[in-house]
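Below is one structure, written out as structure tokens; comments come after it.
Not measured: the values here are computed from a predicted model. Convention: sequence-line order gives letters A, B, ...; per-chain numbering from 1. Computed from heavy atoms alone, side chains included, the values below leave out hydrogens, waters and symmetry copies.
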Number of protein chains: 2
Amino acid sequence: MTNTTIARRRGRPPKTDYSVGATQGDARAALIASGLETLTEQGFLSAGLDGMLKRAGVPKGSFYHYFASKEAFGQAVLERYARYFADKLDRHLSDDSRPPLERVQAFIDDAKAGMARHDYRRGCLVGNLGQEAAGLPADYRERLISTLTDWQRRLAACLEEARHHGDIASDRDPDRLAEAFWIGWEGAIMRARLERSPRPIDVFTDSFFSGLNAQHQGRPSS
Amino acid sequence: MTNTTIARRRGRPPKTDYSVGATQGDARAALIASGLETLTEQGFLSAGLDGMLKRAGVPKGSFYHYFASKEAFGQAVLERYARYFADKLDRHLSDDSRPPLERVQAFIDDAKAGMARHDYRRGCLVGNLGQEAAGLPADYRERLISTLTDWQRRLAACLEEARHHGDIASDRDPDRLAEAFWIGWEGAIMRARLERSPRPIDVFTDSFFSGLNAQHQGRPSS
DNA sequence: ATGATTTTAGACCAGGCGTCTATAAAATCA
DNA sequence: TGATTTTATAGACGCCTGGTCTAAAATCAT
């Protein structure tokens, strides 16, 4: 059997375990953190590597040691963001100590606070990259879509609970409601950033909650 | 009356092989038309002048004869887009031959057809620039906001009619509903472009219409 | 011709991504 | 210990693109 314990190799060992956001000294983690800040503010295409390198305090030579290209770097940042966001979602939406819709509101308040904390300069990375999707490598598109459907799945589960709880009309489909939520959410984040105000988020979320117990009806007959 | 046949002008004659601007002979119009196509696809920051010039069939040296800078050019394109879009809105929303909500649906169908016609490559210029607002000159922000509130005003008037018509619960505020519409709309356009599908628009608009006759209720108590 | 006006060609410079070479650090082998 | 191998840092350089500007071209007016 192979020696799984240590398996000695020659040479300087790599700084393994990038997944856990190692803190100081880890250039790769610093780069991703810097990328998160920059890309949520500026998007991908118009963001320059040099700026992110400077922000992270990492020289260019190191960058291409850890990432094959700017594109590969962007993907890594997106992965990290998707995980970070899904964790935040779960933290709120699985909080059994509150009724389901309050959990949704708790997530919204959390996100709102985050935007205010950064003076409405940072948006949603998925929204930013989504708008640039035309000019991005093809695999970005798939990843962005899968991220959104992942968030949708998590929200739908909570809305399903709310339906059983009696807070949503029984003929509404939680999955479709969740889909509509994220569609509107991205618009609300964009608008909040534009106006530098939490109001768009409030207007959207109020509208969303109001619609939950409406009788479903088709569009106006044509 | 002016001689429209030949109308000789002073100075070096233009090359007049503009490919885009329907109206031949006007390089400026060709540039704006080209800019509309490009900026609705790519946004402002990552779009290059060269591509737009080539698309318009206008030589590079001419650009700064017609516009003071790329920024000024972008503003001109935005003005044109805002007018174009407001006209389209009015054409539908003021059509007294149909009930108000059907007019809204007619506008939506029109916009959907436009997106499909361009294979979901082009988005809403206001949405594109809005997402880039952080990296854009300050006056862009104000213009984008005023454009959205202008569209909101027009839609609110139609929703007010719908309320009198009995299609909207009497305690809902048409202005706030219209505000919510444009917030979600931008999200829907973005998502439709990402998925290259009309579905996000349908999901959003169905959700919007469903909410119109709901009893208004606050957010979940916290 | 000379001058005025309109349009264009092309140079210019800044910045952006990626590469390349050099060096230091950390471990093993001899 | 010293040689060797692998990892990581360091930043200068090249090539290209992109926005801007200046000088010149092409025409009309006098």
Check your understanding: Are the side chain of A:Asn128 and the backbone of A:Leu39 linked by a donor-acceptor contact shorter than 3.5 Å?
Key -> yes

Exercise for review: Using modelled atom types only, decide if a donor and an acceptor are shared between the side chain of A:Asp119 and the backbone of A:Arg121 within a distance under 3.5 Å.
Suggested key: no

Check your understanding: Are any of the side-chain heavy atoms of B:Ile145 and A:Arg191 separated by less than 4.5 Å?
Key -> no

Point to revise | Between CD on residue B:Glu37 and CZ on residue B:Arg122, distance to nearest 0.5 Å | key: 4.5 Å

Heavy atoms from C-beta onward define the side chain here; which of [options] lies closest to that of [X]?
| X | options | result |
| --- | --- | --- |
| B:Tyr66 | C:dC17, D:dT20, C:dT7 | C:dT7 |
| A:Ala27 | D:dT9, C:dG18, D:dG18 | D:dT9 |
| A:Lys70 | D:dT20, C:dT7, C:dG18 | C:dG18 |

**Study point:** For atom NE2 of A:His65 and atom C1' of C:dA22, their distance in whole Å
**Key:** 16 Å

Revision key, fill the gap. B:Leu53 atom CG is separated from D:dT17 atom P, nearest whole Å, by 15 Å

Exercise for review: Just report the end-to-end axis angle for the helix from C:dA1-D:dT30 to C:dA30-D:dT1, five pairs per end, to 10 degrees.
Suggested key: 30°

Within the sub-3.5 Å range, which N or O atoms of nucleotides 11-15 of chain D have a protein N or O partner, and how far apart are they?
residue	atom	partner	partner atom	Å
D:dG11	N7	A:Gly61	N	3.3

Exercise for review: Would you verify whether the NZ or CZ of B:Lys70 falls within 45 degrees of the ring axis of B:Phe63 while also being under 6.0 Å from that six-membered ring's centre?
Suggested key: no

